[in-house]
**Student:** 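Dumping the structure here so I can ask a few things about it.
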Amino acid sequence: MQLVKRNTASPAALVLAPVGAVLFTLLISALLVLWAGAPVGQTYGLLLQGGFGSVFALSETLTRAVPLMLTGLAAAVAFKARLFNIGAEGQLYVGALAAVAVGGLHGGTGFDLPPALLFVLMLLAAALAGALLLLGPALMKARLGVDEVVTTLLLNFIVLLLVSLMLDGPMKDPTAMGWPQSVALIADLELGKLIAQTRLHNGLLGACALAVLVWVLLKYTVLGFDIRAVGANPRAAAFAGVPVTRTVVLVAMLSGALAGLAGAIEVAGRTSYLTLDMSPGYGYSGIVIAMLAGLHPLGVVAASVFVAGVLVGADSMSRAVGVPTYIADVIVATSLISVLVATLLTQYKVKFK
Amino acid sequence: MTELLDILSNLSFWVAVLRIATPLILGTLGVLLCERAGVLNLGIEGIMVAGAFTGWLTVYAGAPLWIGVAVAAGTGAVLGLLHAFLTVGLALSQHVSGLGITLLATSLSYYGYRVSFPKVSTPPTITPFAEMGWLGLPVLAQQTPLTLLALLLVPLLGYVLYRTPLGLSVRMVGENPQAAEGQGVSVAKVRTGAIVAGSALMGMAGSFLTLSAFNAFFFNMVNGRGWICVALVVFASWRPGKALLGALLFAFFDAIQLRLQQSGSAVLPYQLYLMLPYVLSILALVLVARKASYPQALMKPYRKGER
């Protein structure tokens, strides 16, 4: 088996590739649904309906999509510069910790600052916490050549234990009956609702705005050019005068900050306090979303709505026909792999000898 | 201090160290084999889950324990073949393919478990491997045969890598695939073989959890052990002997933190003890960083005829 680069992308491949990827994913999932003994058509119908079929379903999907957009953006910018940040999960949690520390402690007085100022401080603290958490691995990569994949992964476990420690001690909500849960943010800091009577909050607008900002940054600024250059070929970039180390560090700060904000916005928009199970792996899903989007910031918005819809839809489908909710992760994983293969096939021809 | 001495002088502590180390030894050898051939395999976390699940399910269905281990290894090999198809055949990003496989293998295993046992509150159990009392050696006699197998695999892998033509080919395609191709070695075949064999070891590492350390399958039971193996390989400078040492060292600190937690006189919050192994892993990576000699072609996809 050998790959031959196509000189021009074949139009047929460009159309067939995404269609094939979707069909392949549907086929694999259909086999699994059959294994669970449920009717395939009905299961897919319920999944679609549960994720997108009503205002309520859509509001739930978009609520779930907000943190995914931010962790997706975090992964997309980092991967663009070939900084493999697998630590968005940890950065999300330190962001949430920082948000609660600024906006919830001090007996709910919030330093006696005006809420608007405190809100900004809360977001800044979360972004800074996320950025600093990724700064360490980025510096270790740039200075010592320590692989950032392993360090960021290991930091996720350390951060989760740190959160557990804080929820048992300094940040514990004394009124939570021993449940490990942090004190709540002061009410003024909670985000407004986008649609009344749903959980959908203004964080969605913020996340979309950040996606546009990141897109502009990557496409139209010097830093964006540097990031793309370092990602394409670090040695060539260095030769051409791009400050590689500085770019990697800045990308790390940006990526970590985005993931940290995901934590703060989850707390301010949805939960108002921090628990150990606040994120069902949003940080890891962000990587999948970034890849599904081809690392394009605006694509991240679409991909996160897709993934969120599958997750939310699977929850409600599972209640109806008894197919385990883990089908959602299988669908996401299969679509990731098939999209990667499909994208490759638009650029390369496979020759069998 | 005396408390620490008490722990260290207790034979059962060393039994625990070796038991904790076993899946790490198997997993680390698996990662090492893949990386020596130039391919990062972040699928390990999911492959361990899949091995733990299929191995256990096979035994639960009535097969002998060793068949369970073989099925777990086979599951790993199949997932390894998928990783090889994506990273060697199609030359896709090794990071992304590995993470994709972890997600796929984990979710498929959990899905399969829930489909097979929709309404169980306590996980169904099997009779795990028995201790090797007949061996008559201290510490080792209280282990199961899988631990012995893991220990024997260390010199075996070392021998194959450094003393056989096959091992030379593996190391060549990991260091300089162009030169290997020039010598008539098929980079694609050797890399695929190494990934499949390495992933089989990862599957076995998973099966140790359900067939030896515990007697049932739980969600989140692998809990980052796969990632630890990826770190241990760097710590071990890609050498099997040092990989054994690294796994034992990690297990030593993990066992210490368990004992300190249980000893009641623990002054610090238990989370700090749990953090210890992860913090030490990162420290170890930093300490060996200057000397680390990565396989030169690691993470570099090889497309024949393309530079």
Side-chain angles (χ1 to χ4, degrees), chain A residues 1-5 32 35-37 79 82 84 86 136-137 140 143-147 149-151 153-166 168-169 281 284-285 287-288 290-291 318 322-334 336-337 340-341 343-345 348 350, chain B residues 40 42 45-46 82 85-86 88-93 95-115 118 188 223-224 226-228 230-231 233-234 269-275 277-279 281-282 285-286 288-290 292 294 298-299 303-306:
Chain A
M1 190 168 128
Q2 197 178 351
L3 295 170
V4 183
K5 193 152 180 107
L32 291 173
W35 180 24
F79 279 41
R82 272 202 223 172
F84 291 99
I86 320 289
M140 283 193 262
R143 298 281 153 144
L144 298 168
V146 179
D147 184 34
V149 172
V150 185
T151 46
L153 268 171
L154 293 175
L155 274 172
N156 288 343
F157 290 89
I158 296 175
V159 167
L160 220 59
L161 288 165
L162 176 72
V163 172
S164 162
L165 180 74
M166 298 306 272
D168 271 355
Y284 302 104
S285 307
I287 298 162
V288 176
M291 296 313 300
S318 178
V323 174
T325 50
Y326 295 105
I327 191 86
D329 288 325
V330 180
I331 293 177
V332 170
T334 316
L336 168 71
I337 291 173
L340 286 174
V341 172
T343 316
L344 182 100
L345 291 181
Y348 286 87
V350 178
Chain B
L40 177 75
L42 293 182
E45 183 79 10
L82 176 63
F85 169 69
L86 296 171
V88 180
L90 300 179
L92 288 168
S93 157
H95 288 100
V96 179
S97 167
L99 291 169
I101 284 174
T102 283
L103 182 62
L104 182 71
T106 308
S107 52
L108 272 179
S109 306
Y110 290 176
Y111 184 83
Y113 182 77
R114 268 284 162 254
V115 169
N223 196 20
W227 310 134
I228 296 287
V230 178
V233 172
V234 183
Y270 74 93
Q271 289 96 342
L272 287 178
Y273 295 107
L274 283 176
M275 267 184 218
Y278 299 109
V279 174
S281 293
I282 293 183
L285 287 181
V286 172
V288 302
R290 291 250 178 245
Y294 283 75
L298 184 60
M299 289 183 248
R303 292 190 178 103
K304 205 170 169 177
E306 210 179 273

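Convention: sequence-line order gives letters A, B, ...; per-chain numbering from 1.
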**Student:** Of the backbone (N, CA, C, O) and the side chain (C-beta and beyond), which part of Leu340(A) lies under 4.5 Å from a heavy atom of chain B, both, or neither?
**Tutor:**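 Both backbone and side chain of Leu340(A) come within 4.5 Å of chain B.
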
**Student:** What part of Leu344(A) gets within 4.5 angstrom of chain B, counting heavy atoms only: side chain, backbone, both, or neither?
**Tutor:** side chain

**Student:** Under 4.5 Å from any heavy atom of chain A, what part of Tyr270(B) do you find: side chain, backbone, both or neither?
**Tutor:**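 For Tyr270(B), the contact with chain A is made by the side chain alone.
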
**Student:** Side chains of Asp147(A) and Tyr294(B): closer than 4.5 Å at any heavy-atom pair?
**Tutor:** yes

**Student:** Under 4.5 Å heavy-atom distance to chain B, tell me which part of Asp168(A) shows up: side chain, backbone, both or neither.
**Tutor:**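 For Asp168(A), the contact with chain B is made by the side chain alone.
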
**Student:** Val330(A) versus chain B, heavy atoms under 4.5 Å apart: side chain, backbone, both or neither?
**Tutor:**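 Both parts, backbone and side chain.
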
**Student:** Can you tell which part of Leu92(B) gets under 4.5 Å to a heavy atom of chain A, answering side chain, backbone, both or neither?
**Tutor:**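 Answer is side chain: those atoms of Leu92(B) sit under 4.5 Å from chain A.
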
**Student:** Chain A heavy atoms under 4.5 Å from Leu99(B): which part of the residue, side chain, backbone, both or neither?
**Tutor:** side chain

**Student:** Which atoms of Leu144(A) are under 4.5 Å from chain B, going by heavy atoms: the side chain, the backbone, both sets, or neither?
**Tutor:** both

**Student:** Counting distance only, does the side-chain N/O of Thr106(B) pair as donor-acceptor with the main-chain N or O of Leu103(B) below 3.5 Å?
**Tutor:**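 Not a single qualifying donor-acceptor pair exists.
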
**Student:** For Leu162(A), which atoms come within 4.5 Å of any heavy atom of chain B: side chain, backbone, both, or neither?
**Tutor:** both

**Student:** Using a cut-off of under 4.5 Å for heavy-atom pairs, which of Leu153(A), Leu155(A), Val146(A) has the most such pairs with chain B?
**Tutor:**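 Sorted descending by pairs with chain B, the first entry is Leu153(A).
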
**Student:** Contact part of Arg143(A) toward chain B, heavy-atom cut-off under 4.5 Å: side chain, backbone, both or neither?
**Tutor:** backbone

**Student:** Quick one: sort the Tyr278(B) and Phe157(A) rings into parallel, tilted or perpendicular, breaks at 30° and 60°.
**Tutor:**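 Aromatic pair Tyr278(B)/Phe157(A) classed parallel.
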
**Student:** Please classify the contact between Leu86(B) and chain A as side chain, backbone, both or neither, with a heavy-atom cut-off of under 4.5 Å.
**Tutor:**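 Answer is side chain: those atoms of Leu86(B) sit under 4.5 Å from chain A.
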
**Student:** For chain A, find which of Val286(B), Leu42(B), Leu108(B) contributes the most heavy-atom pairs closer than 4.5 angstrom.
**Tutor:** Leu108(B)

